[in-house]
Number of protein chains: 2
Amino acid sequence: MRQDGVGIDLETSLGYLLKETASALRSALEDVLRPLGMNVTHYACLELLAQRPGLSSSELARGAFVTRQTMHVLLQALERAGQVTRPAEAPTGRSLPVELTPDGRRLLEQASAAVRGVEVRMLSGLTTAEQAAASAALRAMVRSLRDGA
Amino acid sequence: MRQDGVGIDLETSLGYLLKETASALRSALEDVLRPLGMNVTHYACLELLAQRPGLSSSELARGAFVTRQTMHVLLQALERAGQVTRPAEAPTGRSLPVELTPDGRRLLEQASAAVRGVEVRMLSGLTTAEQAAASAALRAMVRSLRDGA
DNA sequence: TGCCTCATGTCAGCATTCTGACATACGCTG
DNA sequence: CAGCGTATGTCAGAATGCTGACATGAGGCA
């Protein structure tokens, strides 16, 4: 408990709790993805491509919450590893549509199963209604945070 | 929507939403802390010290969700900047109790006000009951994630 | 048409954080 | 008492992600 009324009580702060939860989730994901030679950003990139093939590097960056420069170097590595492909030149504008290769898709299937396991474990103590309420609350928070900026 | 049943639908995944919210919060915090010359970890360190003076470097690291090596270099910088102090040798064991200086406390007051503003904005669209529900859900998720590891 | 703004891809350099390693100090247990 | 496991502080090197910058292409508008 704080004596003064100025600071933020970390024990009850939703922001702090959010950071704690995200940190725990990240750790758990890294634990299950490491055996596959992947990290969280790598997995997010592949999962995004499975759902929306043809996304550009910049769009993938926004979806994985990193800068486009970071995604650029990741895509170079994934291209070398044969998990994704990009055309030599842009069909229109400057954006190069990225797609999964069969190898990338196979790797993603293993990763998805592992990630799904973590998510199931994370939600194991919550009812469906509680999950829906949490989801709605998080969406409202994102909206408020974005509006202000 | 996914065709196959193996992957994770990012539009509805609570894990993805959690990452998105944490990312938005982090961005918003960095925006208000940058004018003060601070980052999120720096702020978290000072806030922890205000609430629990005498915490060791390793304990601060756990509280700020970074490694103790990272906290170590941060504390060196903060010590040079005159925001925290540490005794030359440990009173017992190896752990050195860290404390805020008056300068550090003054800086923290400004940062706390800024951070509080962001948190208020983040929660502006939620009722008190909804906040409590979200808090309980996040706590349950942390517990489940930690248990499995 | 020419210009202005914006988004993208890409390169280079820097900052931050992590992993690995080692020595030291405490507490427990045989 | 001796040994073991654990936690801490610290150093060094490596990985990761970011900021800054530049050129290029698309679209809107005078």
Side-chain angles (χ1 to χ4, degrees), chain A residues 19 22-24 26-31 33-35 37-45 48-49 52 54-81 84-99, chain B residues 19-20 22-24 26-31 33-35 37-46 48-49 52 54-81 84-99:
Chain A
K19 189 175 174 182
S23 169
R26 181 174 199 91
S27 283
L29 288 179
E30 277 169 356
D31 287 345
L33 290 175
R34 193 172 308 118
M38 303 175 75
N39 62 27
V40 178
T41 304
H42 183 167
Y43 160 73
C45 174
L48 281 162
L49 282 174
R52 304 219 288 276
L55 244 42
S56 73
S57 177
S58 290
E59 290 168 321
L60 285 169
R62 280 190 293 270
F65 312 110
V66 295
T67 62
R68 68 182 192 274
Q69 292 89 336
T70 297
M71 184 55 70
H72 177 64
V73 308
L74 173 60
L75 283 178
Q76 286 179 329
L78 296 190
E79 218 171 354
R80 262 196 306 275
V84 304
T85 51
R86 276 189 298 183
E89 47 187 72
T92 171
R94 296 208 69 198
S95 79
L96 299 170
V98 185
E99 306 217 351
Chain B
K19 189 175 175 182
E20 181 171 12
S23 170
R26 182 174 198 89
S27 284
L29 289 178
E30 278 169 354
D31 287 345
L33 290 174
R34 194 172 308 119
M38 302 174 76
N39 61 29
V40 177
T41 305
H42 182 167
Y43 160 73
C45 174
L46 262 47
L48 281 162
L49 282 174
R52 306 219 287 276
L55 244 41
S56 73
S57 177
S58 290
E59 291 168 321
L60 286 169
R62 279 190 292 272
F65 312 110
V66 295
T67 62
R68 65 181 193 276
Q69 292 90 335
T70 298
M71 185 55 71
H72 178 64
V73 308
L74 173 60
L75 283 177
Q76 286 179 327
L78 295 190
E79 217 170 357
R80 260 196 307 276
V84 305
T85 51
R86 278 191 295 183
E89 46 188 70
T92 170
R94 298 208 69 199
S95 78
L96 299 171
V98 185
E99 307 219 350

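Keep in mind that the numbers below use all heavy atoms, side chains included, and drop hydrogens, waters and symmetry copies. In what follows, chains carry the letters A, B, and so on, assigned in the order in which the sequence lines appear, proteins first and then strands, with residues in each chain numbered from 1.
For the pair B:Leu55 CG and D:dT8 C1', the interatomic distance rounds to 13 Å; values are reported in whole Å. Atom pair A:Arg94:CZ and D:dG27:C1' shows a separation of 16 Å (rounding to whole Å applied). Whole-Å rounding puts the B:Leu96 CG to D:dT8 P distance at 12 Å. Residue A:Leu74 contributes atom CG, which lies 11 Å from atom C1' of D:dT16 at whole-angstrom precision. Nucleotide D:dC18 holds its P atom 13 Å from the CZ atom of B:Arg34, rounded to whole Å. Put simply, CG on B:Leu60 is 17 Å from P on D:dA7, counting in whole angstrom units.
Mapping heavy-atom proximity under 4.0 Å, the span of DNA chain C touched by chain A runs 5' to 3' from C:dT8 to C:dC11.
With values rounded to the nearest 0.5 angstrom, B:Thr41 atom OG1 is found 11.5 Å from B:Leu60 atom CG. Atom CE of residue B:Met71 and atom CG of residue B:Leu78 lie 8.5 Å apart, to the nearest 0.5 angstrom. Going from atom CZ of A:Arg62 over to atom CG of A:Leu55 covers 9.0 Å, rounded to the nearest 0.5 Å. Rounding to the nearest 0.5 Å gives a distance of 13.5 Å between CZ of B:Arg68 and CG of B:Leu75. In this structure, NE2 in B:His72 is found 10.0 Å from CG in B:Leu96, a value given to the nearest 0.5 Å.
In the region residues 66-73 of chain A, proximity to DNA chain D at under 4.0 angstrom, judged on heavy atoms, holds for A:Val66, A:Thr67, A:Arg68, A:Gln69, A:Thr70.
The nearest heavy atom of DNA chain C to B:Arg26 and to A:Ser95 marks one nucleotide each, and the one closer to the 5' end goes with A:Ser95. Residue A:Asn39 is the one, among A:Thr92 and A:Asn39, whose nearest nucleotide of DNA chain D lies closer to the 5' end (criterion: closest heavy atom). Residues B:Phe65 and A:Ser56 each lie close to DNA chain C; by heavy-atom proximity, the contact nearer the 5' end of the strand is made by A:Ser56.
A heavy-atom distance below 4.5 Å is not found between the side chains of B:His42 and B:Leu33.
For the side-chain hydrogen bond (donor to acceptor under 3.5 Å, both in side chains) test, residues two or more places apart in sequence or in another chain that qualify with B:Ser56 are B:Glu59.
B:Glu30 comes within contact range of no nucleotide atom at all, as no heavy-atom separation falls under 4.0 Å. Using a 4.0 Å heavy-atom criterion, one finds that A:Gln76 contacts the sugar-phosphate atoms exclusively.
Contact record, B:Ala90 with B:Ser95: CB-O, 3.6 Å, taken as the closest heavy-atom pair. A:Lys19 and B:Val40 make their closest contact through NZ-CG1, 3.5 Å (heavy atoms, listed as atom of the first residue, atom of the second, distance).
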